[in-house]
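Bear in mind the structure is a predicted one, so any value in this text is a computation, not a measurement.
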Amino acid sequence: MWEHRVTLKSEAEIAKIRESAHIVAQTIEHLRPLVVPGATTAALNDAADAFITSFGARPAFKNYRVGNLVYKYATCMSRNSAVVHGLPSDEPLRDGDILSVDVGAEKDGWYGDGAYTFAVGTPKPEVKKLLDVTYESLMLGVAAAKAGARIYDISKAIQTYCESNGYSLVRDLVGHGIGQHLHEEPQVPNFVPSRIDRGFKNIELKEGMTLAIEPMVNIGGWKVRTLSDGWTIVTADGKPSAHFEHTIVVRPNGGEILTQ
């Protein structure tokens, strides 16, 4: 997944990524009024698939391969304790659920990637706070993505804010570079790695790096497990998790959001 090296993009290349990222953002907004009690994630996925292709783009997750596993859907639909990679289904959403929708689009060989966690109907106050804090931590991470700073500055901004609010950060999954591939170097952890985790390179950020920053934040502990479908990653303790993501480009004064 991570074999593609860090590259600095030209403004012309950033414009291509921006186009795909804008399709991602529009798709999430297209789904927003459809995420209601009684809706199914299978129907939401179909709506997203048709919407992305209407731009002459391709859903980036569809037919994504990991080893012998092939992902069949245009989106990831992760509900309640599902962190990421949830499979769309025909089970209706219920009032009080949360639903993380992860969307990728590829157009003309360039990728955009973004995610948003919706509250379905009326969420419990503790879950509403989880969504607010996770989104705010994403924005702090984006602000920290300055030329001359380092990857761990993004990690620290996200981790400090989330943990000060009593939450934990998933450690098995991280953000990533993006461009002509959906997943490129560098990896962008949502926590400052310990010495034994220093496989994550703390490289200097340079203008023109394009990153997908994506905090995955749990109400309970940070540990996760994978369901028998081979894709869906859920919290080990069954408590809710939230996930927000933007594709950004590193600029002198912080990240410029492309998924808008």
Side-chain angles (χ1 to χ4, degrees), residues 1-4 16-32 34-35 39-79 82-91 98-118 138 170 172-185 187-188 210-216 224 226-234 241-248 258-259:
M1 178 181 287
W2 303 105
E3 66 272 25
H4 305 295
K16 290 289 189 181
I17 298 171
R18 188 192 309 278
E19 184 175 4
S20 294
H22 184 53
I23 293 169
V24 168
Q26 288 180 281
T27 302
I28 290 172
E29 289 307 309
H30 179 67
L31 295 182
R32 184 180 296 276
L34 306 179
V35 182
T40 69
T41 51
L44 295 173
N45 176 76
D46 290 346
D49 194 336
F51 192 74
I52 292 169
T53 55
S54 73
F55 291 92
R58 180 181 68 83
F61 303 160
K62 199 171 184 177
N63 298 318
Y64 188 89
R65 180 180 290 274
V66 178
N68 293 326
L69 287 174
V70 178
Y71 195 78
K72 299 178 181 178
Y73 306 99
T75 63
C76 299
M77 296 278 175
S78 305
R79 184 175 179 174
V83 179
V84 289
H85 306 166
L87 306 183
S89 79
D90 291 323
E91 181 181 353
I98 56 173
L99 179 68
S100 298
V101 178
D102 200 345
V103 176
E106 177 266 319
K107 186 174 183 183
D108 299 331
W110 295 89
Y111 286 82
D113 192 3
Y116 191 95
T117 301
F118 294 99
L138 168 61
V170 172
D172 298 34
L173 301 149
V174 298
H176 52 91
I178 187 168
Q180 287 183 290
H181 305 278
L182 181 59
H183 297 108
E184 299 181 356
E185 291 284 357
Q187 297 183 67
V188 186
T210 45
L211 307 173
I213 300 175
E214 48 177 327
M216 290 156 263
V224 296
T226 305
L227 297 185
S228 59
D229 60 31
W231 288 106
T232 308
I233 295 177
V234 300
S241 182
H243 176 212
F244 288 87
E245 178 180 19
H246 274 313
T247 294
I248 65 110
L258 302 180
T259 31

* To do: Give every residue pair that meets the side chain to side chain donor-acceptor pair (under 3.5 Å) criterion with at least one member in residues 47-57, sequence neighbours excluded.
  =>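 Sorted result for residues 47-57: Asp49-Lys62.
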* To do: Check whether any side-chain N or O of Asn45 sits under 3.5 Å from a backbone N or O of Thr75 as a donor-acceptor pair, and report yes or no.
  =>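 Confirmed, Asn45 side chain pairs with Thr75 backbone.
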* Polar side-chain atom of Glu184 near backbone of His181 as donor-acceptor pair, under 3.5 Å ->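 Yes, the answer is positive, given that a donor and an acceptor are paired below the 3.5 Å cut-off.
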* May I ask you to check whether Tyr64 and His85 place their ring centres under 6.0 Å from each other? =>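 Ring centres of Tyr64 and His85 not closer than 6.0 Å.
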Min side-chain heavy-atom separation [X]-[Y] under 4.5 Å:
X	Y	result
Leu99	Met77	yes
Glu185	His176	no
Leu258	Ile248	no
Val101	Leu31	yes
Leu87	Thr232	yes
Val84	Leu173	yes

Going from [atom1] on [X] to [atom2] on [Y], what distance comes out if it is rounded to the nearest 0.5 angstrom?
X	Y	atom1	atom2	result
Thr210	Gln180	OG1	CD	10.0 Å
Ile52	Lys107	CD1	NZ	12.5 Å
Arg65	Asn63	CZ	CG	8.5 Å
Asp172	Thr226	CG	OG1	8.0 Å
Leu182	Tyr111	CG	OH	6.5 Å

* **Verdict with supporting geometry, His183 and Ile178, side chain to side chain contact (heavy atoms under 4.5 Å, CB included)** => CA-CA 5 Å; His183 297 108; Ile178 187 168; over 6 Å; no
Of all the heavy-atom pairs spanning [X] and [Y], show the shortest one and how long it is.
X	Y	value
Ala105	Ala60	N-CB, 3.7 Å
Gly86	Ser78	N-OG, 3.0 Å
Ser20	Gly112	CB-N, 3.6 Å
Asp113	Thr247	O-OG1, 2.6 Å

* **Under the side-chain hydrogen bond (donor to acceptor under 3.5 Å, both in side chains) test, residues paired with Thr41 that sit two or more places apart** =>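 Thr41 satisfies side-chain hydrogen bond (donor to acceptor under 3.5 Å, both in side chains) with no other residue.
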* Asked: Side chains of Asp90 and Thr40: do they bring a donor and an acceptor to under 3.5 Å?
  ->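 Result is no, nothing qualifies.
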Under the ring pair (Phe, Tyr, Trp, His ring centres under 6.0 Å) rule, collect the residues that match up with [X], sequence neighbours excluded.
X	result
Phe61	none
Tyr116	Phe118, Phe244
His22	none

* Asked: Do any pairs count as a salt bridge (Lys or Arg N to Asp or Glu O under 4.0 Å) and have a residue in residues 50-61, sequence neighbours left out, and if so which ones?
  ->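 Qualifying pairs, neighbours excluded: Arg58-Glu106.
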